[in-house]
Amino acid sequence: MSKPIDARRRRLILGLGAGAGSLLLGGCERISSDPDTQRVLGSAQWLTRAAQRALVSRDALAPQYSLSDIAPVFRANGTTDPNNPVYQGYARNQFRDWRLQVDGLVENPKEFSLDALRALRAHTQITRHDCVEGWSCIGQWTGAQLRDVLAIVLPRPQARYAMFFCADPMDGGSNYYESIDLRTAAHPQTLLAYALNGETLPVAYGAPLRLRLGRQLGYKMAKYVMHIQLVDSYRSFGGGQGGYWEDQGYAWYAGI
Ligand SMILES: Nc1nc2c(c(=O)[nH]1)N[C@H]1C(S)=C(S)[C@@H](COP(=O)(O)O)O[C@H]1N2
Ligand SMILES: [Mo]
């Protein structure tokens, strides 16, 4: 029934719906500077999670692009250098002492070194990053599928969400954090990425490890991930809305 709405939203996201407003930003694309478009992208409330699910299968793959589509300069956004002495210590040592902690509602809590994550089957995909602020950027990401990591730690039946706790302190004092449900966690394009455009992930883009999702907006894709915890509810964390930006009013489900 709402098919035309979906088509309109896709046009907006592709920058086709708002006239000739697109311009290149270092190879990244301005979706639209039109305030209405930005409001539509920002609220996401006009398309509820249930409607979104009915319109587009959440398990469908996001489009993949070719090498020639890659932006010459990927745009960095949000934190670009965490103000955290422990993190900076890891960075000085090329993250050799860094460990990803994976625990919570799992049978087999475990710490992973960067080498251990690199030893898992690597996936490379060229996908578009869409920020709620109204820009998008195409990049090539390499990492382990989150589902391969979950297959090692073995989620318990009560686990419903994966929480991502990050190294960067935000306004208000607590660190950036995010959450996704296990259906998104199991999606084949959900990666724990350690490389961008064939290079070790630079600090500005979330080194040593950041979440990449094929089908959601940029703020869901936690950078500087230190700890993944499986939980049955995200209500007891932070402001209770499931993520740093969600606590400021953004939608928890940011599907594109
Ligand atoms: N830890 C952390 N993750 C974060 C952010 C942040 O500030 N801190 N910003 C988010 C937002 S709004 C966007 S658009 C993307 C930006 O990723 P990029 O720097 O690779 O473009 O990271 C997301 N993940
Ligand atoms: Mo963003």
Side-chain angles (χ1 to χ4, degrees), residues 13 25-33 37-44 62 70-84 86-88 90-91 95 98 100 125-143 146 162-180 184 190-229 237-238 241-256:
I13 289 173
L25 291 171
C28 297
E29 209 173 311
R30 186 72 157 266
I31 295 169
S32 172
S33 54
T37 305
Q38 294 211 356
R39 192 166 38 72
V40 166
L41 285 170
S43 72
I70 292 174
V73 181
F74 199 89
R75 180 163 162 179
N77 201 40
T79 304
T80 52
D81 192 8
N83 180 18
N84 172 344
V86 174
Y87 174 86
Q88 286 167 3
Y90 291 136
F95 298 101
W98 170 94
L100 173 71
Q125 62 197 26
I126 302 174
T127 49
R128 199 185 61 215
H129 178 107
D130 294 312
C131 176
V132 70
E133 293 166 359
W135 55 271
S136 70
C137 227
I138 293 171
Q140 183 192 52
W141 299 91
T142 303
L146 179 56
M163 311 282 312
F164 297 82
F165 298 103
C166 307
D168 49 326
M170 304 299 288
D171 288 348
S174 53
N175 287 9
Y176 200 94
Y177 78 104
E178 257 303 337
S179 59
I180 58 174
T184 294
T190 297
L191 300 186
L192 294 174
Y194 44 72
L196 169 61
N197 298 336
E199 308 281 343
T200 301
L201 189 62
V203 167
Y205 306 99
L209 196 72
R210 68 97 48 91
L211 182 62
R212 284 292 311 168
L213 307 174
R215 306 289 310 276
Q216 296 204 47
L217 289 172
Y219 64 87
K220 295 299 291 185
M221 301 187 219
K223 311 200 282 189
Y224 317 112
V225 176
M226 306 293 283
H227 176 196
I228 300 175
Q229 185 179 346
F237 299 93
Q241 302 305 306
Y244 173 77
W245 283 112
E246 288 85 335
D247 289 339
Q248 330 292 315
Y250 283 25
W252 179 81
Y253 184 71
I256 48 175

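All figures in this text were calculated on a predicted structure; none of them were measured in a lab. Atoms within each ligand, like the ligands themselves, are counted from 1 in listed order.
At distances below 3.5 Å, at least one donor-acceptor pair connects side-chain atoms of N84 with backbone N or O atoms of A167. Under a 3.5 Å cut-off, the side chain of S179 and the backbone N or O of G242 do form a donor-acceptor pair. Under a 3.5 Å cut-off, the side chain of Y176 and the backbone N or O of G78 do not form any donor-acceptor pair. Side chain of T142 to backbone of A195: no donor-acceptor contact under 3.5 angstrom is found. Under a 3.5 Å cut-off, the side chain of K220 and the backbone N or O of Y253 do not form any donor-acceptor pair. A donor-acceptor distance shorter than 3.5 angstrom exists from the side chain of K223 to the backbone of A204, with no hydrogens or angles considered.
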Criterion side chain to side chain contact (heavy atoms under 4.5 Å, CB included) on E178 and L211, from CA distance to verdict: CA-CA 10 Å; E178 257 303 337; L211 182 62; 5.6 Å; no

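Closest heavy-atom approach to atom 2 (C) of ligand 1 among the candidates D130, V225, T79, D168: D168. The closest heavy-atom contact to atom 17 (O) of ligand 1, among the options R210, M221, E133, comes from R210. If you check each of W141, F164, Y219 against atom 12 (S) of ligand 1, the one with the closest non-hydrogen atom is Y219. Nearest to atom 5 (C) of ligand 1 by heavy atom, out of Y176, Y250, Y205, is Y176.
Checking only distances, K223 does come within under 3.5 Å of ligand 1, N or O to N or O. The N/O atoms of Y224, backbone and side chain alike, include none that comes under 3.5 Å of an N/O atom in ligand 1. Between A222 and ligand 1, no pair of N/O atoms sits closer than 3.5 Å.
In terms of protein heavy atoms, atom 14 (S) of ligand 1 is closest to H129 NE2, 3.2 Å. When hydrogens are left out, the protein atom nearest atom 23 (C) of ligand 1 is G218 O, 3.2 Å; that is the closest non-hydrogen contact.
The distance from ligand 1 to the heavy atoms of C166 drops below 4.0 Å at these ligand atoms: 1 (N). Atom numbering of ligand 1 starts at 1 in the shown order; those under 4.0 Å from a heavy atom of R75 are 18 (P), 19 (O), 21 (O). Listed by atom number, the atoms of ligand 1 under 4.0 Å from C131 heavy atoms are 14 (S). Here is the list of ligand 1 atoms found below 4.0 Å of a heavy atom in G78: 7 (O).
Residue Y244 places every heavy atom at 4.0 Å or more from ligand 1. Heavy atoms of A204 come nearer than 4.0 angstrom to ligand 1 in at least one pair.
Two rings, from F237 and Y244, have their centers 6.0 Å or more apart.
Note: F74 and Y205 have perpendicular aromatic rings, judged against thresholds of 30 and 60 degrees for the angle between ring planes. Between Y177 and F165, the ring planes are parallel. Angles under 30° get that label, and only those over 60° would be called perpendicular.
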